[in-house]
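Each chain gets a letter, A, B and so on, in the order the sequences are listed, and its residues count up from 1.
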2 protein chains.
Amino acid sequence: MFWICGFYIMTPRKPKSENSIVDIAKALGISPATVSRALNNNLRISEATRKRVKEMAKEMGYRHNSMASSLRNRRSNTIGLIVPRISMYFHAFFITSLQRQLQAAGYNLMICQSNDSVKLEKELANSLYSARVDALVVSLTLYTEDFTHFEGFLKQGIPLVFYDRVPPEGTPAYIIKGDDYRGGLLAGNHLIAAGCRRIAYISGPPSSSIYRERTRGFQDALAKQGTALREEWVHQHELTTENAWNSLRRLFDGEEVPDGLFAANDTTAIAAVEFARERGIRIPEDLRIIGYSNDPRTSIITPSITSIEQYPNEMADKVAETLLGALQHTTGVPIEIGTPVVCPVDLVRRMTT
Amino acid sequence: MFWICGFYIMTPRKPKSENSIVDIAKALGISPATVSRALNNNLRISEATRKRVKEMAKEMGYRHNSMASSLRNRRSNTIGLIVPRISMYFHAFFITSLQRQLQAAGYNLMICQSNDSVKLEKELANSLYSARVDALVVSLTLYTEDFTHFEGFLKQGIPLVFYDRVPPEGTPAYIIKGDDYRGGLLAGNHLIAAGCRRIAYISGPPSSSIYRERTRGFQDALAKQGTALREEWVHQHELTTENAWNSLRRLFDGEEVPDGLFAANDTTAIAAVEFARERGIRIPEDLRIIGYSNDPRTSIITPSITSIEQYPNEMADKVAETLLGALQHTTGVPIEIGTPVVCPVDLVRRMTT
DNA sequence: TTGTACGCGTTATCAC
DNA sequence: GTGATAACGCGTACAA
């Protein structure tokens with residue numbers, strides 16, 4: 001790196017190799033082993049040499065090489081995370097919380113996005129597998145129904161944790177999920193209790209565990225009250241704003257229109273509120289709406305939207321606890337897996353109901 | 001891994017080591033070198049042996065070891081990212097976009113959060129430095145004014161890119177920033193043009209480049225119109241909802257109250273709208289408000305909030321382009337650095353002005 | 001087209 | 001307390 005014409009110039013790939021502990025050892029006339037021990041604060045090294053070594057290391061611009069260390073120790077101190085989309089509220093908060101805890105425990109988190117593509121999810125899983133992550137945390141794409149790309153982790157005994165969007169019960173991995181069944185149940189009961197009788201439902205693809213469960217809970221709630229979901233008032237698709245508007249138009253173009261709507265995510269619920277505003281549908285008098293996830297936007301919009309809180313931080317706590325537990329049990333203490341841990345959800349009542 | 005009582009049990013740390021290319025070589029009666037070449041699709045290996053090798057590899061459950069490979073190649077194929085908070089709208093979208101591009105180029109992205117702590121930022125920088133990331137991307141904490149923890153990267157010729165919250169001009173690294181000065185200018189001009197004369201300003205800490213620039217632009221706009229910012233109507237602090245409410249109370253408790261407010265982030269602008277609603281202050285008649293970042297919440301709240309769009313995706317494009325350019329120039333073609341690349345911003349007018 | 005031999009940087013192990 | 005040695009798994013210059 002040198003100075004030319006007022007601009008720094010740099011050649012990205014440095015040719016000459018850096019100083020290693022061997023170089024330090026040579027410079028000090030001691031053995032590499034001693035240097036290594038000194039740098040790792042090994043107790044059996046005299047205070048004097050330790051100091052000498054550290055000073056020389058600093059002087060020579062030495063930096064620890066985690067790649068070599070990982071190779072030698074057979075552990076990368078890195079945990080992989082595959083998430084559909086970082087920018088989804090629930091995941092953003094989950095990640096923030098999880099990362100803070102893993103960071104504190106000395107682990108790096110390699111965060112990857114599948115972007116809800118099964119193909120990409122497979123590639124990422126393989127890549128993290130080769131990268132020798134010490135554990136893998138996954139929230140599945142909406143469409144993952146084949147899990148073979150995770151089998152390697154199981155075979156190698158690498159802790160594998162699914163959260164939120166999880167594989168079926170019995171899958172030999174840690175499973176930590178929200179209580180989506182209860183979420184659906186709460187939503188259904190709430191709409192019924194509020195007096196809704198013509199109830200519509202916009203759900204995500206049933207290939208995803210969360211929507212299957214929410215649907216089941218919701219149906220059970222209605223069934224218990226003798227109300228059944230009309231088939232033409234159930235829409236299933238990816239829950240984007242655009243898709244929501246399409247479904248809403250179809251729902252409200254008929255003779256008879258719904259007086260209650262359960263939207264399986266908040267983006268859809270928000271679209272519904274805006275749709276109603278545009279159409280002059282009064283909320284909650286003509287239409288009651290309930291969303292899912294308690295996205296911050298639901299409390300900001302007017303009218304504010306009733307939603308189901310999923311407690312992303314608490315779920316991250318649970319995942320971190322499970323993960324660190326699994327990683328610490330190097331002794332071979334067995335850990336039960338395959339039975340989902342179900343995290344609580346709550347209904348947050350606001351102005352749309 | 002074995003089956004007990006209906007549960008899988010697994011011992012996380014596997015004792016026996018895995019198959020390496022050496023094992024494959026032995027099994028096939030050929031040399032490890034040939035196996036390595038075959039797996040890397042080296043042209044000089046016969047189609048026949050290549051096939052045999054790959055089949056045997058699959059059969060033996062072989063997985064490539066990136067750690068060993070990285071060590072040998074002296075490159076990790078990993079890029080480090082230090083960001084204050086993943087959950088901030090701007091950063092969430094930036095990351096999403098950046099990661100997609102780096103992923104496509106064959107790089108892993110190691111995302112870390114400084115949580116706006118200088119201490120943590122230093123630790124993370126050192127950790128990524130040891131991890132031998134091929135490049136580092138950073139958006140600084142609000143309080144970073146000392147940059148020594150990034151010097152190592154420069155000395156080693158490791159591409160270093162700052163974005164959004166950046167160090168001072170002339171710092172020998174790639175600098176890609178939003179046009180915060182212009183953002184402030186646009187905000188100021190807009191409020192003046194709308195007829196505001198008693199203008200308040202809530203800014204973030206001036207230790208951060210973005211707020212210094214926004215402030216400068218805003219002041220220049222007002223000065224040009226002969227309006228000056230009253231000192232008691234300027235508040236500077238971390239832009240949280242709670243801090244916003246405190247400042248707002250003080251701003252509106254006096255005899256004379258502001259008729260215009262520039263909030264240097266949208267969280268603060270949102271708080272202002274809610275504050276006004278509570279106090280019965282009419283918007284925009286009594287008070288005009290403009291925020292910064294064009295957070296999705298600004299378009300959802302009623303009244304929707306005028307804000308400055310920063311185009312996180314475009315900034316990510318620029319960062320990716322710079323990064324990949326720097327990484328590809330292994331030949332030693334020099335790249336100019338130290339001069340900030342400034343990305344455009346735009347004012348998005350909504351109902352609060 | 002394939003094999004040999006060595007080095008990447010670190011650390012566990014055994015010896016002194 | 002410290003040193004010598006041998007891996008960890010891979011890639012490549014050189015030789016055949």
Just by distance, do the side chain of B:Glu121 and the backbone of B:Ser114 share a donor-acceptor pair under 3.5 Å?
no
Please check: side-chain N/O of A:Asn42 versus main-chain N/O of A:Ala38, any donor-acceptor pairing under 3.5 Å?
no
What residues form a salt bridge (charged side-chain N to carboxylate O under 4.0 Å, His left out) with A:Asp116, not counting sequence neighbours?
A:Arg85, A:Arg165
Which angle, to the nearest 10 degrees, lies between the helix axes at the two ends of the helix from C:dT1-D:dA16 to C:dC16-D:dG1, each defined by five pairs?
30°
For B:Ser46, report the nucleic acid contact type (base, sugar-phosphate, nothing); a contact means any heavy atom under 4.0 Å.
sugar-phosphate
Contact class for A:Val22 vs. all strands (heavy atom < 4.0 Å): base, sugar-phosphate, or nothing?
base
Pairs meeting criterion salt bridge (charged side-chain N to carboxylate O under 4.0 Å, His left out) with involvement of residues 98-107 of chain A, two or more places apart
none
Hey, could you give me each pair passing salt bridge (charged side-chain N to carboxylate O under 4.0 Å, His left out) that has a residue in residues 46-60 of chain B? Not counting sequence neighbours.
none
Would you please name every residue forming a side chain to side chain contact (heavy atoms under 4.5 Å, CB included) with [X], sequence neighbours left out?
X	result
B:Ala104	none
B:Glu321	B:Lys318
B:Thr34	B:Ile30, B:Ser31, B:Ile45

Could you work out which one of C:dA12, D:dG3, C:dT4 sits closest to the side chain of B:Ala33?
C:dT4
Out of D:dC8, C:dT11, C:dG9, minimum distance to the side chain of A:Arg74 belongs to D:dC8
Please give, in whole Å, the distance from [N] [atom2] to [X] [atom1]?
X	N	atom1	atom2	answer
B:Ile45	C:dT1	CD1	P	8 Å
A:Ile21	D:dT5	CD1	C1'	13 Å
A:Leu71	D:dA7	CG	P	14 Å
B:Asn41	D:dT12	CG	P	14 Å
A:Lys26	D:dG3	NZ	C1'	16 Å
A:Arg72	C:dC8	CZ	C1'	14 Å
B:Asp23	D:dA7	CG	P	14 Å
A:Leu28	D:dG3	CG	C1'	14 Å

Can you run down the side-chain hydrogen bond (donor to acceptor under 3.5 Å, both in side chains) pairs that involve residues 61-71 of chain B, sequence neighbours left out, and say none if there aren't any?
B:Glu18-B:Arg63, B:Ser69-B:Asn73
Position toward the 5' end of DNA chain D (nearest nucleotide), A:Glu47 or A:Pro32:
A:Glu47
Output all residues satisfying ring pair (Phe, Tyr, Trp, His ring centres under 6.0 Å) with A:Tyr163, sequence neighbours left out; order by chain, then residue number.
A:His91, A:Phe94
Contact list for residues 122-143 of chain B, test ring pair (Phe, Tyr, Trp, His ring centres under 6.0 Å), sequence neighbours left out
B:Tyr129-B:Phe153
Look at the side-chain N and O atoms of [X] and state whether any lies under 4.0 Å from the OP1 or OP2 oxygen of [N].
X	N	answer
A:Ser70	C:dT10	no
A:Asn40	C:dT11	yes
A:Ser31	D:dG3	yes
B:Ser36	D:dG11	yes

Passing option when A:Leu160 is tested against A:Thr171, A:Leu154, A:Ile175 for side chain to side chain contact (heavy atoms under 4.5 Å, CB included)
A:Leu154
Which residues in residues 50-69 of chain A have at least one heavy atom lying under 4.0 Å from any atom of DNA chain D?
none
Protein N or O to nucleotides 14-16 of chain C N or O, pairs below 3.5 Å:
none

